[in-house]
Amino acid sequence: QVQLVESGGGLVQPGGSLRLSCAASGRTFSSSYAMGWFRQAPGKERELVAAIEWSGGTTYYQDSVKGRFTISRDNAKNTVYLQMNSLKPEDTAVYYCAAGQIKDIVVLATPDYWGPGTQVTVSS
């Protein structure tokens, strides 16, 4: 089994920055696997924020975060990061790390594994 643990969430003012980390443990991933970040705001559906293919590093972003968020990974540490800049109140949500096949994450939103989530609050 794979366990995912997020860290780095917190309270930040609009325009500020945070970096989320997600460390995976328990099993290595195949070349077809990817990791990503979903988020769920109060009263809204869970949505994909960004994803990255594990081997090639190809990235995917939701339109609302393009140019502000950057996803990256450290293969040796089995860790994925989400650098969030120019944060807006609309970014407030619980952010969930996910791992699975790239199609399951980007297209189907049914990753094999979920982290427990970390709260990000953007407020003055």
Side-chain angles (χ1 to χ4, degrees):
Q1 301 297 317
V2 172
Q3 292 183 323
L4 305 176
V5 180
E6 304 100 336
S7 62
L11 175 64
V12 65
Q13 292 184 319
S17 298
L18 286 173
R19 189 178 79 156
L20 305 183
S21 299
C22 176
S25 63
R27 188 164 65 190
T28 57
F29 299 119
S30 69
S31 60
S32 64
Y33 263 61
M35 295 183 69
W37 294 92
F38 290 78
R39 68 184 181 186
Q40 186 167 22
K44 295 185 178 181
E45 297 295 318
R46 188 174 298 186
E47 62 182 359
L48 176 68
V49 178
I52 184 167
E53 295 183 356
W54 200 247
S55 295
T58 302
T59 57
Y60 305 83
Y61 294 97
Q62 182 191 111
D63 287 343
S64 66
V65 307
K66 288 181 178 178
R68 300 189 297 121
F69 291 10
T70 302
I71 189 169
S72 61
R73 89 275 194 231
D74 186 329
N75 297 63
K77 296 181 179 180
N78 288 332
T79 299
V80 65
Y81 306 94
L82 185 67
Q83 179 66 46
M84 304 185 294
N85 298 327
S86 301
L87 283 162
K88 305 175 181 179
E90 305 93 275
D91 296 317
T92 296
V94 177
Y95 284 70
Y96 298 91
C97 182
Q101 297 287 337
I102 185 63
K103 290 184 178 180
D104 293 336
I105 293 177
V106 175
V107 179
L108 300 177
T110 55
D112 293 337
Y113 306 100
W114 291 98
T118 185
Q119 177 71 47
V120 172
T121 302
V122 184
S123 176
S124 60

Under 4.5 Å between side-chain heavy atoms, hopping through other hydrophobics if needed: is there a path connecting Leu82 to Met35? yes
Strictly by disulfide bond (SG atoms under 2.5 Å apart), give each pair with a member in residues 53-95 just once, sequence neighbours left out. none
Atom OH of Tyr33 and atom CD1 of Ile105: how far apart are they, to the nearest 0.5 Å? 9.0 Å
Non-hydrogen atoms of Thr92 and Val122 that approach each other most closely: OG1-N, 2.9 Å
If a pair satisfies salt bridge (charged side-chain N to carboxylate O under 4.0 Å, His left out) and one of its residues is in residues 96-119, list it, with sequence neighbours excluded. none
Could you tell me which non-hydrogen atom of Ala109 sits nearest to which non-hydrogen atom of Trp114, and how far apart they are? O-CZ2, 4.3 Å
Are any of the side-chain heavy atoms of Ile102 and Thr58 separated by less than 4.5 Å? no
Test of understanding: with side chain to side chain contact (heavy atoms under 4.5 Å, CB included), list the residues that count as partners of Ala23, not counting sequence neighbours. Thr79
Hey, can you pull the donor-acceptor pairs under 3.5 Å for the side chains in residues 5-17, sequence neighbours left out?
residue : atom : partner : partner atom : Å
Glu6    : OE1  : Gly117  : N            : 2.9
Glu6    : OE2  : Cys97   : N            : 2.8
Glu6    : OE2  : Gly117  : N            : 3.0
Ser17   : OG   : Asn85   : OD1          : 2.9

What's the spacing between Ile71 CD1 and Gln83 CD if we round to 0.5 Å? 12.0 Å
Whether over 12 other heavy atoms sit under 6.0 Å from Gln3 CD: no
Any chance you could measure Leu18, atom CG, to Thr118, atom OG1, to the nearest 0.5 Å? 9.0 Å
By side chain to side chain contact (heavy atoms under 4.5 Å, CB included) - contacts of Val94 (at least two apart): Tyr96, Gln119
By side chain to side chain contact (heavy atoms under 4.5 Å, CB included), which residues pair with Ser64, not counting sequence neighbours? Arg39, Gln62
So, taking the atom named CZ in Phe69 and the one named OG1 in Thr59, what distance separates them when rounded to the nearest 0.5 Å? 14.0 Å
Show me the pairs that pass salt bridge (charged side-chain N to carboxylate O under 4.0 Å, His left out) and involve residues 71-88, at least two apart or across chains. none
Considering non-hydrogen atoms only, spot the tightest contact between Ser21 and Trp37 and give its length. O-CH2, 3.6 Å
Hey, is the main chain of Ser55 close enough, under 3.5 Å, to the side chain of Asn75 for a donor-acceptor pair? no
Of all residues at least two apart in sequence or in a different chain, which pass the ring-ring contact (aromatic ring centres under 6.0 Å, His included) check with Tyr95? none
Enter the distance from Arg19:CZ to Met84:CE here, rounded to the nearest 0.5 Å. 11.5 Å
Path from Val120 to Tyr81 over hydrophobic side-chain contacts below 4.5 Å: no
Where Val80 and Ile52 come nearest, the two heavy atoms and their spacing: CG2-CG2, 3.9 Å
Tell me the salt bridge (charged side-chain N to carboxylate O under 4.0 Å, His left out) pairs involving residues 58-69, sequence neighbours left out? Asp63-Lys66, Arg68-Asp91
